[in-house]
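One structure is given here, and the rest of the page talks about it.
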Amino acid sequence: MASVSASCLRFHPLLLHSNQPAQGSFKLVSVSWPKSWFPSLKATRFRVSCAAKPETVQKVCDIVRKQLVLSPETLLTPETKFSELGADSLDTVEIVMGLEEEFNISVEEDSSQNITTVKEAADLIEKLVQKKAEAGA
Amino acid sequence: MFPSLLRAYSPMKMRCCFQRSICSASSSLVPVQLPSPMETHFWYVLPDQVKSVSLLNQYMGLLSPIEKENVLSMPGHQLQKRALLARALVRTTIARYQINGHVDPRSLKFKKNIHGKPEVVWQSEDGWCQPHLHFNISHSSSMIACGVTSNSRIGIDVEEKQRKIKNNVLAFARRYFSLHEMEYLSSISDSEVQHQEFIKLWTLKEAYVKALGKGFSAAPFKTFTVQVKTDSKRSFVLAEDLVFEASEIMVESLNDPKSLTSSWQFALLELAGSHYAAICMEKDKSIKVGMKVPVRLTAWKTIPFVEDECVSGTDAVMPIGGLIKL
């Protein structure tokens, strides 16, 4: 079952339909998932479309959540500013470092100053990853 | 020949005690004279000590509509309280200096310079020269601080001593600090001491960049070295003041060795046993290059409208770096 909230998308495993009669204290339920219902990051859900891949955004969110020790209920959108989550400059630098390790990239000091939201981080990461691929390949 | 340590403390303590006042929440702020040249006023509030809802509401009433919006947009009560106290501290602190008749914290207007550093907008009157009050704030999760100077750019940074670093300290230093600083940290074998020295270096570097006021890209951390020369720690009495010489702190720009890094002076403190605080201020222009002049420091722990406690000269403020006069 997919839950979409203003936070980053979280996907829970679909519960499988079982042929066996339900035994025990719980019933298995099958869920059909209409294609039209599938949320796209380019949908109106987000006012500004995020050009980066969903997996990139998800990884960035995870790193931010871990660094800032956010409670699961805290909303984190691509546009949320880190400072609005209580991050100070040391947090931001640690986040950038975490991103560099995760994606195996190197962020220039000037650019790291411009990473203030999840979206900015994800966009920059994709740019750097692509640049690296083009240079290395 | 020199007065005893006890006597040296007395004039200082008396001056401080005079400032101590426990007032009711509705009373006005205790006014303070502007700092003199080479003097820093350091005000700090501990959020855990501010519990009264009516007091927090009173602080909220001081804020501009935009500030209120920013506070309320923070997720969660703790972050909102922190943001609120930060604005309340800045407004009430500056209002104490009663510049141009500004006694009401609400009446202060703020702007950001072209690099994003916050400044006060003084309504200039005919015949009045622009006041040269400079301030800078910093907050950690358990302390909010505001440094004030006259005629001198200032930057401050406070960090919890025990703040957890998610990354490996040396990897972090290798990535973000200068080579010299990284080598210094590498030379420390005790991981706890290494952690503490890391935090101290971070606060000093932050304070310097914030004092410059040109944004972080103007002075990326890797491009300058902060050196803490730990010679002998000593304190001595000069006239009636207590002067601490904990170590000399210098900054050197790697890109531009000739740049005026000698015009900056640092002070490093341990506050309330729990935090490191770094203060970086511009040396007064009248001071000749190479002359060693201490930073005069007066520090208050405050709950605005409730209590101001002068803590410089007590255990709450321990100088650990720089040339400091309390």
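To find a chain, count down the sequence lines: A is the first, B the second, and so on, and within it residues start at 1.
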Could you tell me which residues satisfy salt bridge (charged side-chain N to carboxylate O under 4.0 Å, His left out) with B:E183, sequence neighbours excluded, listed by chain and number?
-> none

Of all the residues in residues 65-77 of chain B, which have a heavy atom that comes within less than 4.5 Å of a heavy atom in chain A?
->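 Interface residues of residues 65-77 of chain B: B:M74, B:P75.
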
Around B:E192, counting heavy atoms of other residues, nucleotides and ligands shown, do more than 12 lie under 6.0 Å from its CD?
-> no

If you count the non-hydrogen atoms of other residues, nucleotides and ligands that lie under 6.0 Å from NE2 in B:H180, is the total more than 12?
-> no

Ion pair check, A:D91 and B:K166, cut-off under 4.0 Å =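 So A:D91 does not pair with B:K166 through a salt bridge.
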
Relative to chain A, which segment of [X] carries a heavy atom at a distance below 4.5 Å: side chain, backbone, both, or neither?
{"X": "B:A171", "answer": "both"}
{"X": "B:E206", "answer": "side chain"}
{"X": "B:K222", "answer": "both"}

Among A:S83, A:S71, A:S89, which residue forms the greatest number of heavy-atom pairs with chain B at distances under 4.5 Å?
-> A:S89

So which of B:N167, B:I165, B:L79 has the biggest tally of heavy-atom pairs under 4.5 Å with chain A?
->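 Winner by heavy-atom pair count: B:N167.
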
Engaged part of A:K66 at the chain B interface, taking heavy atoms whose separation is under 4.5 Å | backbone

Which answer fits A:L90, side chain, backbone, both or neither, if we ask what part of it has an atom under 4.5 Å from a heavy atom of chain B?
->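 For A:L90, the contact with chain B is made by backbone and side chain together.
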
Can you give the donor-acceptor pairs under 3.5 Å from side chains of residues 272-280 of chain B to other protein atoms, not counting sequence neighbours?
{"residue": "B:H275", "atom": "NE2", "partner": "B:S140", "partner atom": "OG", "Å": "3.0"}
{"residue": "B:H275", "atom": "NE2", "partner": "B:S142", "partner atom": "OG", "Å": "3.1"}

What pairs meet the salt bridge (charged side-chain N to carboxylate O under 4.0 Å, His left out) rule with one or both residues in residues 170-179 of chain B, with sequence neighbours excluded?
-> A:E100-B:R175

Between B:Y176 and A:M97 the two heavy atoms that sit nearest each other are OH-N, 3.7 Å

